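Note that these values count all heavy atoms, side chains included, but never hydrogens, waters or copies made by symmetry. Note that the structure is a prediction, hence the values are computed from the model and not measured. Throughout, protein chains are lettered first and strands after them, A, B, ... in sequence-line order, and every chain is numbered starting at 1.
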Number of protein chains: 2
Amino acid sequence: RTGWTDLDVRAVDTVRVLAADAVQKAGNGHPGTAMSLAPLAYLLYHNVMEYDPNDLEWFGRDRFVLSAGHSSLTQYIQLYLSGMDMELSDLQALRTFKSKTPGHPEVHHTAGIDITTGPLGSGLASAVGMAMAQRRQRGMLDPDAAPGESPFDHHVYVIASDGDIMEGVSSEASSLAGHQELGNLTLIYDENYISIEDDTDVSFSEDVAKRYEAYGWDVRIVDWRASADENGGGYVEDVDALLQAIEEGNKVLDKPSLIVLRTIIAWPAPNKMDTGKAHGSALGDEEVAATKKILGFDTDKTFEVSQEVIDHTRSTRGERGKKVHAEWQRKYDAWRQANPEGAKLLDRLLARELPEGFAEAFPTFPADEKGIATRAASGKVLTALAPVMPELWGGSADLAESNNTTMEGEPSFVPKDKQTDMWQGGPYGRTLHFGIRENAMGMAMNGIALEGLTKVYGGTFLVFSDYMRPAVRLAALQELPVTYVWTHDSIGLGEDGPTHQPIEHLAALRAIPGLDVVRPADANETAVAWKTILQSVDHPAALALTRQAVPTLDRDEYASADGVAKGAYVLADAEGETPDVILVATGSEVQLAVEARKLLKAKGVDARVVSMPCREWFVMQPDDYQESVLPKAVRARVSVEAATDFGWSDIIGDAGRSVAIDHFGASADAATLFQEFGFTPEAVVSAAEESIAAAGGN
Amino acid sequence: RTGWTDLDVRAVDTVRVLAADAVQKAGNGHPGTAMSLAPLAYLLYHNVMEYDPNDLEWFGRDRFVLSAGHSSLTQYIQLYLSGMDMELSDLQALRTFKSKTPGHPEVHHTAGIDITTGPLGSGLASAVGMAMAQRRQRGMLDPDAAPGESPFDHHVYVIASDGDIMEGVSSEASSLAGHQELGNLTLIYDENYISIEDDTDVSFSEDVAKRYEAYGWDVRIVDWRASADENGGGYVEDVDALLQAIEEGNKVLDKPSLIVLRTIIAWPAPNKMDTGKAHGSALGDEEVAATKKILGFDTDKTFEVSQEVIDHTRSTRGERGKKVHAEWQRKYDAWRQANPEGAKLLDRLLARELPEGFAEAFPTFPADEKGIATRAASGKVLTALAPVMPELWGGSADLAESNNTTMEGEPSFVPKDKQTDMWQGGPYGRTLHFGIRENAMGMAMNGIALEGLTKVYGGTFLVFSDYMRPAVRLAALQELPVTYVWTHDSIGLGEDGPTHQPIEHLAALRAIPGLDVVRPADANETAVAWKTILQSVDHPAALALTRQAVPTLDRDEYASADGVAKGAYVLADAEGETPDVILVATGSEVQLAVEARKLLKAKGVDARVVSMPCREWFVMQPDDYQESVLPKAVRARVSVEAATDFGWSDIIGDAGRSVAIDHFGASADAATLFQEFGFTPEAVVSAAEESIAAAGGN
């Protein structure tokens with residue numbers, strides 16, 4: 001079935017030897033899985049996946065996700081064998097500074113890598129997002145093609161380890177994948193019964209196949225260990241059976257496919273196979289030699305690759321790549337010809353350009369003392385963008401109405417038979433329903449962004465950003481332009497109490513490199529925030545939005561909300577040239593600063609109010625702009641934010657004071673909580689007076 | 001089977017009316033589940049659970065975990081009916097400031113509440129920890145008693161919602177519970193097919209019963225909806241079947257029990273039942289009236305409880321409590337008499353006192369230029385404590401050897417048949433194996449701490465503290481003395497690269513109220529850190545430990561490591577009375593500050609080195625101590641920490657400089673990374689000179 005010759009078998013054994021040698025040279029790493037999964041990886045790259053070694057960025061390619069990222073050699077060696085900008089010298093530089101072969105695969109760092117993996121469960125969960133995005137992209141551009149006939153059809157293959165399967169995020173994502181009937185997703189679970197604490201029996205005894213059946217997956221078991229004895233004797237790597245399972249799984253179009261592949265880690269290393277040691281440590285010179293001997297390699301050589309092997313793999317794969325790419329190109333050209341509008345859209349999406357009418361699509365909100373919640377303003381912005389920006393889609397982790405994440409009138413992204421009274425739609429819909437699975441939502445968003453043609457947002461309560469932090473970090477690390485819609489952003493959410501009230505979250509999120517944290521003060525700031533965020537193509541952003549209504553400021557009286565794009569701006573200036581004090585506020589607390597300024601004025605204190613929705617944007621401004629907003633000479637400064645003061649010293653300096661909350665909240669209405677916890681104009685006035693005194697003024 | 005009379009049925013209906021009225025009065029809240037689960041809650045408190053309304057803290061009681069914390073009325077109303085320090089006026093004060101009835105149940109706030117819940121999945125996952133702790137406590141104090149015969153036997157009951165079941169953390173914890181064969185755990189899953197986005201069909205279609213069978217649970221289905229039509233007609237709340245399922249589940253001693261209970265949310269509210277609206281909003285006056293009419297209550301009255309009902313429930317439950325408590329007391333007295341040593345231990349544990357020989361048990365480490373990793377020192381401390389402190393136990397999320405979390409020679413906590421070659425032990429063992437399930441580990445630790453007799457620690461890599469943040473926050477919120485052993489605490493972990501290298505984590509953790517973050521500089525600081533942490537009884541602590549070796553400082557030359565207990569101390573002072581500059585460092589970077597001090601001295605700059613392992617401990621010291629370490633007059637300050645500088649301005653002030661890293665790391669050996677990313681004595685010297693200049697000195 002695989003058609004493998006002796007040369008292919010030799011190539012697979014070469015993979016094992018390269019893996020052992022590379023880790024041995026580095027002195028540390030993960031040889032075991034790269035050795036035992038050599039036949040699987042070879043099969044995927046040689047027989048199964050459609051890609052083109054001569055065009056690594058080809059968007060019609062199948063995607064490969066090594067969720068078991070620690071086994072990065074599994075992928076690096078296949079890139080080398082395929083001639084995908086990876087040479088033997090790169091393998092020899094494993095885990096060294098600036099090499100193409102870091103400890104875990106890194107997208108945008110090494111060509112041919114579709115995703116950064118390593119944190120367990122993350123790859124698998126993001127792959128679910130890739131598979132979802134593939135369907136949405138097809139629906140947007142080529143909805144009527146028969147299955148497999150569209151240039152927008154491709155498959156997502158995942159290799160996962162025991163650790164991936166144990167992590168909760170993979171449970172969430174796998175449940176979602178089953179629900180979404182993602183027939184374009186194949187997960188190969190390397191069940192080798194070994195993790196870092198050795199035999200997984202000590203902590204893991206579930207029936208994974210049954211669990212995935214419960215999720216609605218198509219499940220097949222390929223047991224290479226079936227006839228093996230304790231020492232690995234009788235172990236048969238039946239690649240034909242494996243290929244058959246993959247192909248049969250692919251025929252099931254309405255279910256994701258799980259193949260439970262039972263392997264012996266580090267096979268055929270005579271002493272280290274089937275042990276925890278082989279998972280995460282170099283095998284040692286003796287064991288490497290013993291392995292080479294078993295496989296018929298020269299024990300005195302390292303990184304031994306016969307010219308015949310590398311010529312074979314590169315030419316075979318290059319030819320195959322050319323062929324599948326050419327077949328795709330025919331479909332693609334035909335599609336372009338038949339769909340000039342679609343082609344125009346696609347070209348724009350590939351160029352990562354904004355649509356015509358983008359800037360004009362944003363609503364402005366009239367001044368209104370009572371105002372609206374910024375979450376509500378966000379919802380209006382999204383609805384206004386819907387017709388202009390087809391690539392924009394998103395949803396919530398079961399909080400659609402609370403997060404205001406639904407673009408009104410848009411269909412849900414859900415299999416036909418899973419529509420509900422409230423949510424109508426279909427497989428190509430636009431409103432995402434992640435269920436109560438925040439971390440999977442975040443990881444899926446990453447996968448969606450990695451597919452590249454759409455822009456996704458996802459919502460939950462700000463406090464539950466904690467549940468999805470691993471995903472947020474990976475978005476920042478991978479430089480993915482996803483947007484988090486985190487509402488209920490302070491004690492202002494009221495009665496749900498301390499479990500639901502964020503305190504430390506704004507600070508904890510600001511600490512993440514490469515994430516923009518944006519907390520607009522009113523409806524118009526919310527619109528500008530969205531406008532600024534959607535222009536980014538290379539990093540994630542988070543919106544922190546209120547549950548409670550906040551006044552929509554009168555922009556005739558106060559400065560334009562366009563200042564939001566600069567991260568901070570003078571909303572209401574002092575009357576004199578140099579303010580007595582600067583009040584720096586964010587979000588719902590800007591109104592307190594505005595009120596405090598009036599009270600201070602009555603006391604003869606000349607205050608400036610700075611609205612600072614995004615610190616990250618502000619520090620990117622030229623020095624002179626920063627100085628114009630926060631002149632160094634004005635040391636009397638007060639921060640006002642209903643959150644911890646942790647990190648505010650950077651802005652307010654030694655003489656500054658913070659109106660903040662450094663303890664957990666309580667269950668009561670918002671007005672009571674703001675009063676009880678000291679968020680009042682009067683408290684801001686007191687803090688201002690203290691800061692002025694500390695600065696040596698007045 | 002339940003023996004319920006008409007009075008009991010009336011009491012159950014009273015629960016529904018109270019739930020509807022309470023939310024209506026508050027104006028917001030979650031009435032639906034409290035109404036439809038009224039029979040279940042009544043059954044648990046009336047027929048099933050062993051507790052004593054007259055001794056709420058009785059440690060022999062069964063534990064109750066309302067994982068569906070949003071339905072807090074489910075529990076509050078039962079506390080009221082049982083007369084457990086809860087009155088009608090408290091129910092009327094639902095969700096108001098300082099009431100006993102906050103939006104979600106809060107332990108240590110409301111008597112009779114065993115755990116704070118609300119973040120979905122957290123209760124269920126913590127309940128798994130409770131059940132584990134119950135077994136460990138029994139093993140420690142009364143290992144030979146027959147099942148059910150020990151005063152240390154009790155059961156843990158959990159009510160979970162769809163949201164709980166969808167969250168990944170409950171998957172992790174449920175897999176662990178099945179693995180651990182926790183026969184003392186009963187989970188009742190309220191499958192009502194409704195979440196906030198209405199019909200769960202839109203995002204959730206798995207077979208939960210099958211999934212739990214795959215985890216190794218005993219699963220039963222009680223389907224009250226079986227004969228119901230679309231409008232709730234024919235809906236039968238068969239409490240006898242439910243009780244039978246609970247009882248039969250309890251007979252299975254080697255499996256946790258899942259009962260899938262299919263209900264109609266908000267039943268019998270005629271228009272709102274079975275809708276998302278009934279989940280999280282007040283029903284409205286009309287619907288409340290209609291419901292009262294159906295149930296035969298006066299539509300003009302609110303909070304209507306007949307004297308007969310409340311007399312019945314309180315007297316019945318009081319009597320039952322007295323009886324079960326007395327039965328337990330006989331067992332307990334007999335146990336005390338037969339086990340004087342055990343009784344002595346128990347008394348100490350209940351008093352939360354440290355053991356004799358505690359202070360003496362800690363190792364000290366000789367000065368050593370090469371030194372050892374602080375993770376290794378931590379392992380030695382734990383092993384030294386093992387014989388002295390039997391209540392101490394812990395483990396890792398599959399990183400035992402990396403985290404050095406194993407007390408050498410101690411048995412594993414694992415069912416007999418799940419021991420492995422590497423890990424021997426039994427059901428009463430001491431070394432915990434959480435598997436690759438960090439968040440469940442954290443939640444289980446909370447449950448263990450809530451059980452109250454043991455002290456638990458758990459390890460993973462610092463970067464993966466992100467995975468368990470929801471649990472860490474709940475530990476802080478619940479004031480639980482658990483300890484996190486987070487190793488590989490910087491880019492110093494080396495080759496695993498940016499996915500594994502923490503940057504923002506120390507800052508993000510310091511932002512959490514009530515969590516102590518401790519980063520010791522060497523082996524002796526690690527010992528003092530553990531000593532200080534273990535003295536706490538009311539809040540969590542996190543150790544950030546190195547992978548790489550750090551020098552063990554010569555304490556004859558430098559100040560005693562006892563200063564760690566104060567959070568920060570002068571490790572090496574300037575020669576003059578007032579230092580030219582203060583170098584504030586933590587963990588592995590303290591050695592850089594020490595080296596920099598020498599280089600500065602050669603340049604004629606008089607530097608003080610402050611080791612600051614724990615900011616939270618430092619700010620609790622008296623002002624004069626803080627001033628003695630960081631005199632306000634010395635504005636030239638440098639922080640040295642291989643992490644983001646976010647938050648360091650609080651310490652170093654306007655003239656300060658940070659030697660820090662504000663971007664993601666890279667894959668290479670530690671020495672290269674420290675050099676490339678600017679962590680060298682020379683860099684500290686430059687920063688010191690800059691800061692001196694900024695402070696206007698030299």
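Applying the salt bridge (Lys or Arg N to Asp or Glu O under 4.0 Å) rule to A:Asp650 yields the partners A:Arg615; only residues at least two apart in sequence or on another chain are considered. Every residue was checked against the salt bridge (Lys or Arg N to Asp or Glu O under 4.0 Å) condition with A:Lys98, not counting sequence neighbours, and none meets it.
No part of B:Ala440 comes within reach of chain A, as not one of its non-hydrogen atoms sits under 4.5 angstrom from that chain. Using a 4.5 Å cut-off between heavy atoms, B:Gln180 does not touch chain A at all. Only the side chain of B:Glu401 comes within contact range of chain A, judged by heavy atoms closer than 4.5 Å. For B:Leu673, the part lying near chain A is the side chain, with the backbone staying farther off; criterion is any non-hydrogen pair under 4.5 Å. In this structure, the portions of B:Arg473 lying under 4.5 Å from any heavy atom of chain A include both its backbone and its side chain. Of the two parts of B:Thr117, only the backbone, made up of N, CA, C and O, holds a non-hydrogen atom closer than 4.5 Å to a non-hydrogen atom of chain A. In this structure, chain A has a heavy atom under 4.5 Å from the backbone of B:Thr96, while its side chain stays farther away. With a 4.5 angstrom heavy-atom cutoff, B:His109 does not touch chain A via any of its atoms. Only the side chain of A:Val463 comes within less than 4.5 Å of a heavy atom in chain B; its backbone stays farther off. With a threshold of 4.5 angstrom between heavy atoms, B:Val202 approaches chain A through its backbone and through its side chain. If you measure heavy-atom distances from B:Pro105 to chain A, you find no contacts under 4.5 Å at all. Looking at B:Tyr467, the atoms closer than 4.5 Å to chain A (heavy atoms on both sides) sit in the backbone and in the side chain alike. B:His30 touches chain A through its side chain: at least one heavy atom from C-beta onward sits under 4.5 Å away, while N, CA, C and O do not. Looking at B:His104, the atoms closer than 4.5 Å to chain A (heavy atoms on both sides) sit in the backbone and in the side chain alike. Only the side chain of B:Ala666 has a heavy atom closer than 4.5 Å to any heavy atom of chain A. Contacts of A:Ala476 with chain B are made by both backbone and side-chain atoms, with heavy-atom separations under 4.5 Å.
In this structure, A:His500 has its ring center closer than 6.0 angstrom to the ring center of A:Phe464.
Surrounding CG of B:Asp662 are more than 12 heavy atoms belonging to other residues, nucleotides or ligands, all under 6.0 Å away.
Between the side chain of B:Asp164 and the backbone N or O of B:Gly121 there is at least one donor-acceptor pair closer than 3.5 Å.
The pair A:Arg95-B:Asp496 counts as a salt bridge, with a side-chain nitrogen and a carboxylate oxygen less than 4.0 angstrom apart.
At a threshold of 4.5 Å between non-hydrogen side-chain atoms, the residues A:Glu181 and A:Lys418 count as touching.
Comparing B:Thr499, B:Val208, B:Asp207 by how many heavy-atom pairs each has under 4.5 Å with chain A, the most go to B:Thr499.
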